[in-house]
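Since the structure comes first, as structure tokens, the remarks are kept for the end.
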Protein chains: 2
Amino acid sequence: MARERRRPIVGQSSSSSSRIKSPAPFLSKTYDLLEEEEERGRREAIERGSWGQRVVSWTADGTGFVVWSPAEFSELMLPRYFKHNNFSSFIRQLNTYGFKKTASKRWEFQHEKFQKGCRHLLSEIHRKKCEPSAFPQYLKASEESNNSPSSTVEENNTTRLLLMQENKNLKKERMELQMQIAHFKTLELKLMECLSFYWDDHHNKVRRLC
Amino acid sequence: MARERRRPIVGQSSSSSSRIKSPAPFLSKTYDLLEEEEERGRREAIERGSWGQRVVSWTADGTGFVVWSPAEFSELMLPRYFKHNNFSSFIRQLNTYGFKKTASKRWEFQHEKFQKGCRHLLSEIHRKKCEPSAFPQYLKASEESNNSPSSTVEENNTTRLLLMQENKNLKKERMELQMQIAHFKTLELKLMECLSFYWDDHHNKVRRLC
DNA sequence: GGGAATATTCCC
DNA sequence: GGGAATATTCCC
């Protein structure tokens, strides 16, 4: 049974500044799983001299992946990374995170930010629904009609409460964005320092050559 | 790995009339688990003539149950019924369904509708939050205070309009912050490119000097 | 594909 | 204890 914590110990506190959010466990695990299978393929190629069948692999250009054998994938690989062995649950997660099925006759999936060799992009992938600032889904329909002249006192109260919640969410979001910006500012500073070192170095060289 | 469906095949359709709702899987499983342990106790009593230690059991009067050994319970029993082996997750579920801890020095829990010999009562136990017709939990508290006798319809309307304005401002601010972030991302990319140029340059020089 | 209920985890 | 995010299941 998989028992690792969802996220690493460091980089946790939501109040710490200038952190990089770790990617959703689902994404890291799916990426791990592909790397593991890649590695297995490599090992077997050396041992046996043959490439062998793979259960799942990156596409040739590394912009997507294919589950070649859903049955083996579900029975053998899923339970080692997730708390289930259902292919459909895996697919449900892919959809939640915005992956697209990109071939009609194979289980091939793609996401702009999910690419071979680009683990650092994973943290830019987010769940599709429940945007922090959005109203609860089931109330959205009623919202439009609520502000009409005919709306009752209770309807107005409902709107007011929802606005308060949306407001709170927006403030939380603002805080997160501000922290991201703080992070970028630090990064920029470091890059500029680094750059100035090489800049001096480069121009000293140019001077010597004259 | 537990693989049974959450609910039996029959009694499913939410549109069929005169059906008996099956209880939440968590409740059935917890009940099963207690019956299983009861049965094991009975068998061992016959085989060995002694009652033996139990990991979990109904209380003497059957109105609650006690986890005598959380460690064994978590390692040995939980994974056979649930997709985890964490005692705290089990407790979280008990709280979700409204169970109360009824002893200070033991892990003893009770729920009015969870009693020995009364499996049919399980379907009357419901999750505490997210009643379909209710407001989100987090809004309930503020609702009461806001609907106090002293607040007039006009006051509520004023509040609502102010909230809408603040809301609009927050969204504008969000947009601006997001644009700042986009700017930083571009900048970072350019700095990295630039840096990589000087990096190569620097290392070529170092090589020539050797 | 995705909405929604339930389960599991993480955090206060 | 419980809010909230993520995971898993079930159903349309």
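Chain identifiers are assigned alphabetically (A, B, ...) following the order of the sequence lines, protein sequences preceding nucleic acid strands; residue numbering begins at 1 within each chain.
- Looking at residues two or more places apart in sequence or on another chain, you find a side chain to side chain donor-acceptor pair (under 3.5 Å) between B:Arg119 and B:Asp32, B:Glu35.
- One interatomic measurement links the two molecules: NE2 of B:His84 to P of D:dT9, which rounds to 13 Å at whole-angstrom precision.
- At whole-Å resolution of the value, NE2 in A:His126 and C1' in D:dA7 are 18 Å apart.
- A straight line from CZ of B:Phe82 to C1' of D:dT9 spans 15 Å, rounded to a whole angstrom.
- For C:dA7, neither phosphate oxygen OP1 nor OP2 lies less than 4.0 angstrom from any side-chain nitrogen or oxygen of A:Lys83.
- Looking only at side-chain heavy atoms (C-beta outward), B:Phe99 and B:Phe65 come within less than 4.5 Å of each other.
- B:Ile181 pairs by the side-chain contact (heavy atoms from CB on, under 4.5 Å) definition with A:Leu177, A:Gln180, A:Ile181, A:Phe184, B:Lys185, not counting sequence neighbours.
- Judged as a side-chain contact (heavy atoms from CB on, under 4.5 Å), and not counting sequence neighbours, the contacts of A:Thr59 are A:Asp61, A:Thr63, A:Val66, A:Glu108.
- Remark: B:Asn95 in residues 95-107 of chain B come within less than 4.0 Å of DNA chain D through at least one heavy atom.
- A straight line from CD of A:Gln110 to C1' of C:dG1 spans 17 Å, rounded to a whole angstrom.
- Scanning for side chain to side chain donor-acceptor pair (under 3.5 Å) contacts around B:Glu193 gives an empty result, with sequence neighbours left out.
- When the P atom of C:dC11 is taken as reference, atom NZ of A:Lys172 falls 13 Å away, rounded to whole Å.
- A:Lys29 contributes a side-chain N or O that, together with a main-chain N or O of A:Tyr81, makes up a donor-acceptor pair within less than 3.5 Å.
- We find that CD of B:Gln93 is positioned 15 Å from C1' of D:dA4, with the value rounded to whole Å.
- Residues that satisfy the salt bridge (Lys or Arg N to Asp or Glu O under 4.0 Å) test with B:Glu72, not counting sequence neighbours, are absent from this structure.
- Between B:Lys29 atom NZ and D:dT8 atom P the separation is 13 Å, expressed in whole Å.
- Contact annotation: B:Arg127 reaches the phosphate of C:dA7 (side-chain N/O to OP1 or OP2, under 4.0 Å).
- A donor and an acceptor atom never sit less than 3.5 Å apart when one is taken from the side chain of A:Arg92 and the other from the base of C:dG1.
- Phosphate proximity of C:dT9 to B:Asn86: present, with a side-chain N or O under 4.0 Å from OP1 or OP2.
- Look at B:Lys21 and you won't find any side-chain N or O under 4.0 angstrom from OP1 or OP2 of C:dA5.
- Distance CZ (B:Phe90) to C1' (C:dA7): 13 Å, rounded to an integer number of Å.
- Side-chain proximity of B:Lys128 to D:dG2, C:dT9, D:dT8: nearest is D:dG2.
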